[in-house]
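Have a look at the structure below, then the notes.
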Amino acid sequence: KNNGTMPILYINEALIHIMSIKGSYSNIKKEFLNQPLEEFWPEPEINKLVKQLNTDNPPKELILPINHESKETRRWVKLIISESVFENHEAFILWATDISSTKKTEERLEQAVADADATAEMKSNFLATMSHEIRTPMNAILGMAHLALDTELTDKQYDYIEKIQPSAKSLLGIIND
């Protein structure tokens with residue numbers, strides 16, 4: 001902690017690998033030690049993190065993206081944050097864990113849920129449309145059968161038309177459910 005800036009006091013190889021920084025560990029370490037965190041990690045979220053760390057209630061955990069250039073190459077880190085003293089300096093220790101594969105799995109899962117919701121919505125709309133399209137002519141059949149039963153029919157004709165009504169009512173019951 002240093003007047004609103006966060007100088008890097010130590011950096012390990014794992015974070016350099018996560019950040020995809022090219023070069024030897026010793027050269028990168030020399031280049032970035034005592035430099036502000038924002039220069040090493042030039043992401044908008046890091047500026048927000050530095051501001052949050054300089055408050056009375058800094059976060060204990062944070063998930064941040066690395067590389068906003070492309071969704072395909074974007075990586076994610078989970079930071080565990082703790083206050084400490086390092087080489088006689090008041091400091092924050094940031095443990096960074098690469099959670100890119102977890103985030104990609106979450107994104108695929110979210111997409112699958114969105115696709116399933118869209119499919120369910122289409123199915124629901126289809127069934128609503130079809131039930132309306134079937135219900136209207138079925139009501140006409142029921143009405144005509146009822147009217148036909150009030151006319152002079154042979155016993156055989158009466159029997160046929162009388163069988164239409166329960167079948168049509170059964171189908172309407174299925175459609176209405």
Side-chain angles (χ1 to χ4, degrees), residues 6 8 11-23 25 28 32 36-84 92-146 160-177:
M6 295 287 155
I8 297 172
I11 186 169
N12 67 9
E13 289 184 68
L15 184 58
I16 291 170
H17 174 72
I18 291 171
M19 299 290 294
S20 300
I21 297 173
K22 304 296 182 213
Y25 171 61
I28 293 167
F32 287 107
L37 180 62
E38 305 92 278
E39 286 184 28
F40 171 73
W41 199 337
E43 299 283 340
E45 287 80 3
I46 291 301
N47 292 324
K48 293 177 198 171
L49 171 63
V50 170
K51 288 177 185 172
Q52 290 175 329
L53 292 176
N54 281 299
T55 65
D56 291 334
N57 190 19
K60 302 288 183 217
E61 186 176 295
L62 205 57
I63 294 176
L64 296 173
I66 301 173
N67 183 355
H68 288 277
E69 296 167 11
S70 163
K71 191 173 184 176
E72 289 76 38
T73 60
R74 180 179 300 150
R75 298 181 71 158
W76 291 87
V77 294
K78 179 179 181 179
L79 295 177
I80 305 295
I81 304 162
S82 67
E83 294 184 65
S84 185
F92 286 99
I93 298 175
L94 307 177
W95 284 275
T97 305
D98 187 344
I99 60 165
S100 300
S101 63
T102 302
K103 289 297 277 184
K104 285 181 182 174
T105 301
E106 286 176 4
E107 289 171 359
R108 286 193 300 266
L109 181 60
E110 288 170 1
Q111 184 60 49
V113 168
D115 291 347
D117 288 345
T119 300
E121 178 72 20
M122 287 176 22
K123 177 183 172 186
S124 178
N125 290 340
F126 172 78
L127 290 175
T129 301
M130 288 310 298
S131 67
H132 173 75
E133 296 298 323
I134 295 170
R135 191 180 301 114
T136 301
M138 192 58 66
N139 280 323
I141 291 169
L142 278 168
M144 291 298 175
H146 178 76
Y160 289 156
I161 293 176
E162 194 176 47
K163 289 178 182 170
I164 291 173
Q165 283 189 315
S167 296
K169 286 180 181 178
S170 176
L171 283 173
L172 269 180
I174 293 169
I175 292 167
N176 289 334
D177 288 342

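Between Pro58 and Glu83 the shortest side-chain heavy-atom distance falls below 4.5 Å. Put simply, the side chain of Phe92 does not reach to within 4.5 Å of the side chain of Ser84, judged on heavy atoms. Counting heavy atoms from C-beta outward, Trp76 and Glu107 have side chains that approach closer than 4.5 Å. Lys78 places a side-chain heavy atom less than 4.5 Å from the side chain of Ile63.
Note on Glu106 versus Lys103: salt bridge recorded, some NZ/NE/NH1/NH2 to OD/OE distance being below 4.0 Å.
Of the N and O atoms on the side chains of Ser100 and Asp98, at least one donor lies less than 3.5 Å from an acceptor on the other residue.
In this structure Lys163 satisfies the side-chain hydrogen bond (donor to acceptor under 3.5 Å, both in side chains) test together with Asp159, sequence neighbours excluded.
Here the closest heavy-atom approach between residue Gly23 and residue Ile28 is recorded as O-CD1, 3.5 Å. Nearest approach of Leu79 to Ala96, heavy atoms of both residues: CD2-CB, 3.6 Å. Leu53 approaches Pro59 most closely through the heavy-atom pair CD2-CD, 4.2 Å.
In this structure, CD in Gln165 is found 13.5 Å from OG in Ser170, a value given to the nearest 0.5 Å. Here the straight-line distance linking atom OH of Tyr25 with atom CD1 of Ile11 works out to 7.5 Å at 0.5 Å rounding. Taken from CD1 in Ile80 to CG in Leu62, the straight-line distance is 9.5 Å, to the nearest 0.5 Å.
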Listing, residues 126-146 side-chain donor-acceptor contacts under 3.5 Å, not counting sequence neighbours, or none:
unit_1 : atom_1 : unit_2 : atom_2 : d
Thr129 : OG1    : Asn125 : O      : 2.9
Ser131 : OG     : Leu127 : O      : 3.1
Ser131 : OG     : Ala128 : O      : 3.0
Arg135 : NE     : Asn176 : OD1    : 2.9
Arg135 : NH2    : Asn176 : OD1    : 3.4
Thr136 : OG1    : His132 : O      : 3.2
Asn139 : ND2    : Arg135 : O      : 3.3

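Each side-chain hydrogen bond (donor to acceptor under 3.5 Å, both in side chains) pair with one or both residues in residues 108-121, not counting sequence neighbours, appears once here: Thr105-Arg108, Gln111-Asp115.
When the shell of 6.0 Å around OH of Tyr160 is examined, it contains 12 or fewer heavy atoms from other residues, nucleotides or ligands.
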